[in-house]
Protein chains: 2
Amino acid sequence: MSRIPAAERRTALARAALAVIARDGVAAATTRAIVAEAGMPLASFHYAFTSRDELLSDVIELVVAGEGSATFASLLLDAPDLRSAVRATFAAYLDLVRADPAREQAMFELTQHALRTPPLAGLPRRQYESYRNLIGKLLIAGASAHDTAWSLPVDELAGFVLALTDGITLSWLADRDDDAAERLLELATDAVMAHTLNGAHA
Amino acid sequence: MSRIPAAERRTALARAALAVIARDGVAAATTRAIVAEAGMPLASFHYAFTSRDELLSDVIELVVAGEGSATFASLLLDAPDLRSAVRATFAAYLDLVRADPAREQAMFELTQHALRTPPLAGLPRRQYESYRNLIGKLLIAGASAHDTAWSLPVDELAGFVLALTDGITLSWLADRDDDAAERLLELATDAVMAHTLNGAHA
DNA sequence: GTCTATAATGAGATAGAC
DNA sequence: GTCTATCTCATTATAGAC
């Protein structure tokens, strides 16, 4: 580990922390667990960061920057119509949750830890803005790919889609009920499609 | 504190724990903080419970049993029509979140802590069932108060309302944007009202 | 600059006096 | 039955040898 610039150590540790958090949760992301994941000695931690919360701040930045945020775009283009595209995108997200529930739960835990920690309390706002931006781009791409437009501002609809996504995710995490999630996904699709310009059948 | 039956100690401690959790979060609910809140000596804790997780299980039971779950019913009856009733109920819930954000966040934290703790991992299912039951009752009361019916099973609609509620709550907790929450609330109302039997204008 | 060794704190749990 | 005093452990953070 000799001679690694401090900046690289910081990102390496932040990435390692995200891996630990995604696997075992925020509470399990102790400095020991993080340096073990990164293959570094314990003291390297405080060489790169002054505190654990400073590191968690970087972890949220990583999430905000879209580390691992997915490639749903193809779904929007392959679908025969906008409704199918919307449904397929919700379904793809749900599949992601089912494939790695701990990771999705970890995103909630990060937000909530930040909200409880005064120096980090401002970060969730940016985290959610980042989510909305991603969703907004998908909404615009989807509509234009199927010659439709949305009947309300995309930012507003993106916020609604984000709320639906969070709600469906929490529901599945608590219940692990695939059928119920499938029905929620259908209702969410209807709710979104109610806001196309050409009515609900575009 | 002399001569208090063990069962009463358990509920007193669980209530105290819920108070601490609602105020400061799950992570802050140490055995010391809990007994301080309850005005008991530390040893009383392990006299009543074998472990901290056993207590947290009781805390979730308390939440499931509807401790503090509110009295929205009047809103449904006072409103001039079903749409207003639905909107007013969402709005009342949002007011509750804004009045005590820490408490609402604590409910999420409890769920997530339980999901991460194998012996407690089954509790969130019951917690969410309890939420859906409450919402289902409100939906039935609302529809019958305004001579309408829902066009899909009430349980399914209740799950959808719960997802919307969770999503709006998380959104507001992250952003603290009252106007955005207001718009979400309006969209959520539309989405629910799309599932009345007599069309969307009942 | 880097890491071993350790300090300082606060946690959950318990032994044993009353 | 109840509670004081203590144990053991894991944590964050740091001092100081290389």
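We name chains A, B, ... by the order of the sequence lines, and we start the count at 1 in each one.
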Pairs: protein N or O with nucleotides 9-12 of chain C N or O, under 3.5 Å:
| residue | atom | partner | partner atom | Å |
| --- | --- | --- | --- | --- |
| dG12(C) | OP1 | Thr31(B) | N | 3.3 |
| dG12(C) | OP1 | Arg52(B) | NE | 3.4 |
| dG12(C) | OP2 | Thr31(B) | N | 3.0 |
| dG12(C) | OP2 | Thr31(B) | OG1 | 2.6 |
| dG12(C) | N7 | Arg32(B) | NH1 | 2.8 |
| dG12(C) | O6 | Arg32(B) | NH2 | 3.0 |

Salt bridge (Lys or Arg N to Asp or Glu O under 4.0 Å) filter on Arg52(B), not counting sequence neighbours, yields none
Sequence-distant partners of Ala102(B), side-chain contact (heavy atoms from CB on, under 4.5 Å), two or more places apart = Arg116(A), Asp100(B)
Excluding sequence neighbours, so at least two apart, what forms side-chain hydrogen bond (donor to acceptor under 3.5 Å, both in side chains) with Ser84(B)?
-> Asp81(B)
Partner set under side-chain contact (heavy atoms from CB on, under 4.5 Å) for Ala143(A), not counting sequence neighbours | Trp150(A)
Rounded to 10°, the angle between the first-five-pair and last-five-pair axes of the helix from dG1(C)-dC18(D) to dC18(C)-dG1(D) is 10°
Per Tyr47(B) side chain, nearest of listed nucleotides dT2(D), dT2(C), dT14(D) | dT2(D)
Using a 3.5 Å cut-off and no angle test, enumerate the donor-acceptor pairs between side-chain atoms of residues 118-126 of chain A and protein atoms at least two apart in sequence or in another chain.
| residue | atom | partner | partner atom | Å |
| --- | --- | --- | --- | --- |
| Arg125(A) | NH1 | Asp175(B) | O | 2.7 |
| Arg125(A) | NH2 | Asp175(B) | O | 3.4 |
| Arg126(A) | NH1 | Glu61(A) | OE2 | 2.9 |
| Arg126(A) | NH2 | Glu61(A) | OE1 | 2.9 |
| Arg126(A) | NH2 | Glu61(A) | OE2 | 3.4 |

To the nearest Å, how far apart are Leu13(A) CG and dT2(C) C1'?
-> 14 Å
Under the side-chain contact (heavy atoms from CB on, under 4.5 Å) test, which residues partner Ala22(A), sequence neighbours left out?
-> Arg103(A)
Hey, is the side chain of Ser44(A) poking within less than 4.0 Å of OP1 or OP2 on dC3(C), counting only N and O atoms?
-> yes
Interatomic distance where CE belongs to Met40(B) and P belongs to dT4(D) [whole Å] = 13 Å
Name the atoms and distances for all side-chain donor-acceptor pairs under 3.5 Å in residues 85-96 of chain A, with sequence neighbours left out.
| residue | atom | partner | partner atom | Å |
| --- | --- | --- | --- | --- |
| Arg87(A) | NE | Glu186(A) | OE2 | 2.8 |
| Arg87(A) | NH2 | Glu186(A) | OE2 | 3.1 |
| Thr89(A) | OG1 | Ala85(A) | O | 2.7 |
| Tyr93(A) | OH | Glu104(A) | OE1 | 3.0 |
| Asp95(A) | OD1 | Arg98(A) | NH2 | 2.8 |

What are the two closest non-hydrogen atoms of Leu56(A) and Ile21(A), and how far apart are they?
-> CD2-CD1, 3.8 Å
Sub-4.0 Å heavy-atom contacts from residues 53-61 of chain B onto DNA chain D, ordered by number = none
Quickly work out the Glu8(A) CD to dG1(C) P distance and round it to whole Å.
-> 14 Å
Thr30(A): side-chain hydrogen bond (donor to acceptor under 3.5 Å, both in side chains) partners, not counting sequence neighbours | none
Show me the donor-acceptor pairs, under 3.5 Å and distance only, between side chains in residues 162-173 of chain A and residues at least two apart or in other chains.
| residue | atom | partner | partner atom | Å |
| --- | --- | --- | --- | --- |
| Thr165(A) | OG1 | Val161(A) | O | 2.6 |
| Asp166(A) | OD2 | Tyr128(A) | OH | 2.9 |
| Thr169(A) | OG1 | Thr165(A) | O | 2.7 |
| Trp172(A) | NE1 | Asp178(A) | OD1 | 2.8 |

Over all atoms of both residues, closest heavy-atom pair of Met40(A) and Ala12(A) | CE-CB, 3.9 Å
